Amino acid sequence: MTDQSLDGPLLGPAEIRELAERAGIRPTKTLGQNFVIDPNTIRRIVATAHLTSDDHVLEVGPGLGSLTLGLLAASSAVTAVEIDPPLAAQLPETVERFYPEAASRLNMVLDDAARVTALPGDTPPTALVANLPYNVAVPVLLHILEMFPTVRHGLVMVQDEVADRLAAGPGSRVYGVPSVKANWYAAVSKAGVIGKNVFWPAPKIASGLVRFERRDPPADESLRKEVFAVIDAAFAQRRKTLRAALSGWAGSGARAEEILRNAGINPGERGEKLDVKAFARIAQAAATIAQAQAQAQAQAQAQAQTKTQTQAAAQPDHERKTPATPETQPEPTTENPA
């Protein structure tokens with residue numbers, strides 16, 4: 001039996017199982033499929049997402065459509081990206097069946113959300129709301145934030161421990177690469193916990209809600225890849241000092257220390273203590289030092305070339321070397337016999 005939320009219908013356990021059978025779907029761990037079967041959980045997710053009627057929502061992994069229906073009722077449009085062909089084919093039919101007046105506001109995209117680079121339609125998405133597949137949640141979230149800057153806010157459901165990592169701050173035991181990279185794009189916070197029994201099939205652990213609000217990055221976008229390289233290096237050996245952890249990235253421990261000191265960071269500190277702004281300073285310091293060295297090298301080469309040209313011009317003409325020419329040999333003569 002369908003339920004109503006924000007003037008739209010929601011699916012219950014019976015509808016979810018019936019839709020799965022119709023599509024020939026058996027939830028798989030490979031695709032991280034756990035379908036929400038509780039209408040109250042959908043209401044909670046939609047309310048916590050803080051959507052407005054002007055929002056164009058991007059939904060990743062819509063599955064059988066339980067969250068999709070709630071999002072259509074709370075926004076102007078939904079673009080759903082689904083990697084599983086049977087699910088992608090059935091979702092428009094599900095919306096047409098249960099919420100026909102909203103069917104024209106659904107855009108269905110069959111694609112891998114970790115690789116998608118463009119979306120159909122003239123209106124770009126402004127919000128991301130999704131029950132992300134657990135096995136690829138962090139890469140998908142970071143990819144969407146990178147590729148679609150018009151996404152200004154959102155709410156994602158992930159494994160509870162992943163939610164803790166995404167929302168963690170410097171010094172936390174679970175602070176790491178996902179925490180820092182997500183903070184490049186947005187302010188991230190945990191927005192609640194979802195129990196196991198609202199899913200089919202029920203996962204082994206609870207889920208967490210993560211809210212984000214996009215903000216300006218701590219450095220120019222052109223520096224992001226280098227900042228992310230610093231983050232990866234710092235946490236690859238998280239118990240080591242930054243001087244040691246960044247030696248491979250910088251080229252040597254001495255070079256790493258030079259960069260860190262220029263960034264105003266103690267080389268003996270560990271990466272888990274730094275926020276994203278500090279990592280951006282490290283990348284910026286490395287770029288500044290490299291640029292200064294390149295300029296000094298170019299200047300030295302120019303000076304050496306000028307010196308050579310000046311010395312050559314100052315030489316008297318008779319001292320200047322001229323290209324050697326082969327001596328002219330006399331033509332051999334042939335005597336006529338007497």
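Values below: every heavy atom of this structure, side chains too, minus hydrogens, waters and symmetry copies. Since this is a predicted model, take the numbers as computed values, not measurements.
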Would you give the length of the straight line joining atom [atom1] of [X] to atom [atom2] of [Y], rounded to the nearest 0.5 angstrom?
X: Arg270; Y: Thr241; atom1: CZ; atom2: OG1; answer: 7.0 Å
X: Glu59; Y: Asn131; atom1: CD; atom2: CG; answer: 8.5 Å
X: Phe279; Y: Lys181; atom1: CZ; atom2: NZ; answer: 10.5 Å
X: Leu223; Y: Glu221; atom1: CG; atom2: CD; answer: 9.5 Å
X: Ile265; Y: Leu260; atom1: CD1; atom2: CG; answer: 6.0 Å

Is the closest side-chain heavy-atom distance between [X] and [Y] below 4.5 Å?
X: Pro201; Y: Asn34; answer: yes
X: Phe98; Y: Thr68; answer: no
X: Phe199; Y: Ile194; answer: yes
X: Gln90; Y: Leu64; answer: yes
X: Arg261; Y: Glu257; answer: yes

message: Do Arg224 and Phe228 form a cation-pi contact, if we require the NZ or CZ to be under 6.0 Å from the six-membered ring centre and within 45 degrees of the ring's axis?
response: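 That pair qualifies as a cation-pi contact.
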
- request: Carefully, step by step, assess Leu274 and Leu242 under the rule side chain to side chain contact (heavy atoms under 4.5 Å, CB included).
  value: CA-CA 10 Å; Leu274 304 187; Leu242 285 167; 3.5 Å; yes

- prompt: Hey, does the side chain of Thr150 reach the backbone of Pro125 with a donor-acceptor pair shorter than 3.5 angstrom?
  reply: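 A pair under 3.5 Å: yes.
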
State plainly whether the residues [X] and [Y] are in salt-bridge range, i.e. N to O under 4.0 Å.
X: Asp275; Y: Arg281; answer: no
X: Arg173; Y: Glu272; answer: no
X: Arg165; Y: Glu161; answer: yes

query: Above 12 or not: heavy atoms from other molecules or residues under 6.0 Å from CZ of Arg115?
result: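 No, the 6.0 Å shell around CZ holds no more than 12 heavy atoms from other groups.
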
query: Cluster question for you: counting only ILVMFWY and a side-chain heavy-atom cut-off of under 4.5 Å, with indirect links fine, are Tyr185 and Met147 together?
result: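 Same cluster: Tyr185 reaches Met147 through Ile, Leu, Val, Met, Phe, Trp or Tyr contacts under 4.5 Å.
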
message: Hydrogens and angles aside, do Ser75 and Asp55 bring a side-chain donor and acceptor to less than 3.5 Å of each other?
response: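 Note: Ser75 and Asp55 side chains miss the donor-acceptor criterion.
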
query: Is it the case that Asp54 and Thr52 place a side-chain donor and acceptor less than 3.5 Å from each other?
result: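 Asp54 vs Thr52: no donor-acceptor pair found between side chains.
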
message: In terms of relative ring orientation, are Phe235 and Tyr175 parallel, tilted or perpendicular, with 30° and 60° separating the classes?
response: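 If you compare the ring of Phe235 with that of Tyr175, the planes turn out perpendicular.
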
